[in-house]
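Written out below as structure tokens is the structure these notes cover.
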Amino acid sequence: MKNVRVRYAPSPTGNLHIGNTRTALFNFLFAKHYQGSFIVRIEDTDIARNQEGAIESQFDNLKWLGFEIDESIYNPKNYGPYRQLERLDIYQKYVDKLLAEKHAYRCFCTEEELLTEKELQLAQKIIATKYSQKCKHLTLEQVNEKITQKVPFSVRFAVPNSKTYNFDDIVRGNVSFESSDIGDWVIQKNNKIPTYNFAAAIDDFEMKISHVIRGEEHISNTPKQLMVFEAIKQQPPIFAHLTLIVNENNKKLSKRDGNLDQFISQYKEKGFLPEAMFNFISLLGWSPKGEEEIFDKKTLISIFDESRLSKSPSFFDIKKLVWINFQYMKKMDDTTYVNFVKQFLDKDLSEKPNEFILEIISLFKKELEFGSQINELAQIILNPANTKNQETQDHLKDLEYSKDFISSLHKELSNCEWSPVDIKAVIVKLGKDYSLKGKNLFMTTRIFTTNSFQGPELAKVIYLLGKDFVLNNIKKELK
Ligand code: GLU
């Protein structure tokens, strides 16, 4: 495919959400797969919803995830400006052209009039209310008079009568809409700011966008955008509307759902890795051939295939995200791992001596799934169990050991140099002395020294729990 130019077009209304990231990501993979350009365009025409700092946060998070952006407000090329509020004169030119060619007309109706009209239709049981076209029928004199009187006006698109708008969607195949279902919609508000559908279509044309890849909530906007392309006599881009991302109850992810982290920044703060997030999100609504699921960015670019975009909703499976992150954590070398995890320590851990912190972090190298999980795992050292719970006692019943073994354990540990190596040597020696192996040696030792039946490397755990705690524990049993 040649001259691929795609855009991710966020409205700066908040933080970078999983859904938007997925849209950005498929645009990016598609662009890079075909050696095309990935553009970020800021759609800020809904002024009331714009949020301070949202643009910067979008870019910061995209950058963290590893997106390379070819054109944007920060690296403009020939198709700028890349922020819609800076393109008002461009839209004005098209509004004037459409007005002159009767594809659009001025509407002087006030908000109250429009509301009354709508209520009247609703009273007549018309659910899909439409603008009455009252102003479409004003004479030139009437229009000029209102303009002279400075009556505020918006501009409406004159939707053609009984026309079918078709497009061949990459994900859904043929999609069609009847123009009779669409009222004459506003393309420019009375403050001279264009509406989303108009601005997006004009920008997609002016920026030479070849493909529009976006969420399925925009499918009903497509006929309006096609009308604009038709009116300006230009070819529309090719569309791909991505299916929904759903939660475990099969409901569309909603930003209001407080139970699920949905913003990239939340995962970043929890200690998820950008490569893992990128990998996970690439599988939300797209699947490669075969069973493998761990792919770096370069591989994803090379294997991305738009014909494998999913036709059914994709499940936001947090367990899978954790699993993918774990696969990436395991690949880290020791130094990178320690430096990464160190950033996520809670106060009770971060205040400990540096050496102790490092020991704890390394202790969990084989099981840590994401950075901040260290705080939870470290609890077995920071707040160890003082008694054996039922499950631990049940395990103990199945083990073979002697009272002599326990008292030797106490004796040998009291006499040993308190280091993981020496502690390990004690356990090995006692195993030989008492002919104990496997669970009978290690689980028994673990239960009597730590009160729990499972955990990471035993000698290190004993070492970190400290001599007093461990010896006290064993002593309780000997009484
Ligand atoms: N600004 C729109 C949004 O944030 C983008 C729609 C589009 O891609 O056309 O949903």
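Whatever order the structure lists them in is the order used to number ligands and atoms, beginning at 1. Each residue takes its place number in the sequence, starting with 1.
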Under 3.5 Å between some N or O of ligand 1 and some N or O of [X]?
X: Arg7; result: yes
X: Ala9; result: yes
X: Tyr196; result: yes

Less than 6.0 angstrom separating the ring centers of [X] and [Y], yes or no?
X: Tyr267; Y: Phe263; value: no
X: Tyr74; Y: Phe59; value: yes
X: Phe278; Y: Phe67; value: yes

Using a 4.0 Å heavy-atom cut-off, which part of Glu217 comes near ligand 1: side chain, backbone, both, or neither?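 For Glu217, no heavy atom sits under 4.0 Å from ligand 1.
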
Exercise for the section: For ligand 1, indicate whether the residue Ser11 contacts it via side chain, backbone, both or neither (heavy-atom separation under 4.0 Å). Expected result: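 The part of Ser11 near ligand 1 is both the backbone and the side chain.
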
Q | Residue, atom name and distance, where the atom is the protein heavy atom closest to atom 1 (N) of ligand 1 | A |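 The protein heavy atom lying closest is Glu43 OE1, 2.6 Å.
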
- Task: Among all protein heavy atoms, pick out the one at the shortest distance from atom 10 (O) of ligand 1; state its residue, atom name and that distance to 0.1 Å.
- Result: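 Protein heavy atom with the smallest distance to atom 10 (O) of ligand 1: His218 NE2, 2.8 Å.
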
**Prompt:** Is Lys320 positioned over the aromatic face of Phe280, cation under 6.0 angstrom from the ring centre and no more than 45 degrees off axis?
**Reply:**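 No, Lys320 and Phe280 do not form such a contact.
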
| message | Under a 3.5 Å threshold, yes or no: a donor from one side chain and an acceptor from the other, between Glu71 and Tyr79? | response |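 Distance-only check fails for Glu71 and Tyr79.
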
With heavy atoms of Arg214 as the reference, note each atom of ligand 1 found under 4.0 Å away.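 What qualifies from ligand 1 is 7 (C), 8 (O), 9 (O).
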
Checklist entry - How many angstroms lie between OG in Ser372 and CG in Leu349, if you round to the nearest 0.5 Å? => result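 Rounded to the nearest 0.5 Å, the OG-CG separation comes to 11.5 Å.
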
